[in-house]
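Note: hydrogens, waters and symmetry copies are ignored here, and every other heavy atom, side chains too, is used. Nothing here was measured: the structure is a model prediction, and the numbers come from that model. Each chain gets a letter, A, B and so on, in the order the sequences are listed, and its residues count up from 1.
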Protein chains: 2
Amino acid sequence: MSDLLERLRGRGWRLTAQRRVVAEVLDGDHVHYTADEVHAKAADLLPEISRATVYNTLGELVSLGEVLEVSTDGRAKRYDPNAHHAHQHLVCSRCGTIRDVHPAGDLLAGLPAEERFGFQVSTVEVTYRGICPSCSTA
Amino acid sequence: MSDLLERLRGRGWRLTAQRRVVAEVLDGDHVHYTADEVHAKAADLLPEISRATVYNTLGELVSLGEVLEVSTDGRAKRYDPNAHHAHQHLVCSRCGTIRDVHPAGDLLAGLPAEERFGFQVSTVEVTYRGICPSCSTA
DNA sequence: ATCCTACATTGGACATTGTCTAAGTCAAGA
DNA sequence: TCTTGACTTAGACAATGTCCAATGTAGGAT
C-alpha cells in the first residue's frame with residue numbers, strides 16, 4: 001500500500017494524515033467496507049477525521065482507478081481496494097461463492113448499434129451464475 | 001397490463017385506485033423508473049397518492065415476481081416491469097437511466113470451459129454502461 | 001528554516017432514498 | 001347494506017451521501 005501512496009504522490013496528491021489513514025484502512029483486510037465503516041476504522045487511528053474527508057478521499061481513489069466502487073444491493077456502496085484487473089464474476093447460486101473470471105472476446109461487441117439507443121457505451125459488467133463443484137456434488 | 005391486474009386479483013389483492021395507477025405507470029416497456037418517478041407519474045393520475053403507498057405497492061409487486069428491482073448504482077432502485085422476458089440492461093453512468101437491451105449471440109458462450117472452474121453455469125447478467133443521448137449533449 | 005498559498009479538512013446543514021407507525025378509509029364478501 | 005380487515009395516508013424518522021464557508025496545512029519557494 002506504500003506503493004499506492006507513492007503513486008498518489010506522483011499524481012500530485014498531498015499526503016495528509018487523513019489520506020494515509022484511509023489508505024491504511026483499505027489495505028488492512030479482504031472485506032469490502034462501506035464508507036461509514038471506513039470512517040469508523042479510520043477514526044480509531046485518527047479520531048478527528050471527518051466523514052466528509054473519508055467520502056472525498058474514497059471518491060478520489062475511485063476516480064483515479066485505485067479503488068473499485070461496488071454497489072450490490074442498493075444500500076451503501078462498498079470499496080474494493082483490488083481494482084487492478086478486469087472484473088467479471090462467477091457466482092454460485094447456492095452457496096454464494098464468487099470467483100473472478102476472464103471471458104473471451106470483446107463483450108462490448110455483443111451489443112449491436114441498433115440496441116444502443118444513442119448511448120456512448122463504454123463498459124460492460126458481467127455476472128455469470130451457476131452451481132459450483134462443491135454444491136453440485138453435495 | 002390488465003393481465004397483471006387480473007393476476008393480482010387472483011392472488012387476493014384488493015384492486016384499489018392506487019394500485020391500478022401504479023400498474024398503469026409501470027406499463028411502459030423501455031425506461032425503468034425509480035420509486036419517486038413512479039410516484040410522480042402516479043400522482044399525475046391520482047394526485048393524492050402517497051409515497052408510502054407507491055413504495056408498498058412496488059415492494060409487493062417485486063415479492064410477487066411481477067416486477068424486477070434493479071439496483072445498478074448506489075442510488076435509487078429502479079423497477080423493471082419486463083420480468084417475464086430475458087433481457088440485459090443499458091445504464092447511463094451520469095443520470096442512471098436504464099433501458100432494456102437484447103445483445104446478439106450467446107452470452108454464456110463467452111465464458112470458456114477453462115474459465116468455468118467446474119461450475120454448471122446457467123445464467124448470465126450483463127450491464128452495459130455509457131452516456132445516454134440527453135447527458136452527452138447537456 | 002520560514003513563509004505562502006493552493007489544496008485539504010472540518011462540521012454541520014442539506015438532499016435523497018427508503019422505512020415505519022398510528023389513525024382514518026374503503027373494497028368486497030356476507 | 002354492513003362489516004371487517006386490508007389498504008392508504010401524512011409525516012416523523014433513519015441511512016447514506018453531498019455541499020459549503022471557514023479554517024488548517026503540505027510542500028514548494030525564498
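Here the shortest heavy-atom pairing between B/Y33 and B/V38 reads CB-CG2, 3.7 Å.
Protein atom CG of A/D36 is 10 Å distant from nucleotide atom P of D/dA15, rounded to whole Å. Between B/R11 atom CZ and D/dA6 atom P there is a gap of 18 Å when expressed in whole angstrom units. Taking atom CG of residue A/L5 and atom P of nucleotide D/dA26, one finds them 15 Å apart after rounding to whole Å. The interatomic distance linking B/R75 (CZ) with D/dA15 (P) rounds to 21 Å, in whole Å. Rounded to whole angstrom, the span from the CD atom of A/E37 across to the P atom of D/dA15 amounts to 14 Å.
In this structure, CD1 in A/I131 is found 9.0 Å from CZ in B/F119, a value given to the nearest 0.5 Å. Separation of atoms NE2 (B/H39) and OG1 (B/T57) is listed at 11.0 Å; rounding is to 0.5 Å. Separation of atoms NZ (B/K77) and CD1 (B/I98) is listed at 12.5 Å; rounding is to 0.5 Å.
A salt bridge does not link B/E24 with B/K41: none of the charged nitrogens is closer than 4.0 Å to a carboxylate oxygen.
Hydrophobic clustering, with ILVMFWY side chains joined whenever heavy atoms are under 4.5 angstrom apart, groups B/I49 together with B/L4. Linking ILVMFWY residues whenever their side-chain heavy atoms come closer than 4.5 Å, directly or via other members, places A/W13 and A/Y79 in the same cluster.
Contact between the side-chain N/O atoms of A/Q18 and the OP1/OP2 oxygens of C/dT10 is found at a separation under 4.0 Å.
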Strictly under 4.0 angstrom, non-hydrogen atoms only: write out the protein contact profile of nucleotides 22-30 of chain C, one letter per nucleotide from the 5' end, B, S or -. ----BBS--
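Contacts of residues 39-56 of chain A with DNA chain D (heavy atom under 4.0 Å): A/R51, A/A52, A/Y55.
For B/H87, the ring pair (Phe, Tyr, Trp, His ring centres under 6.0 Å) partners are B/H89, not counting sequence neighbours.
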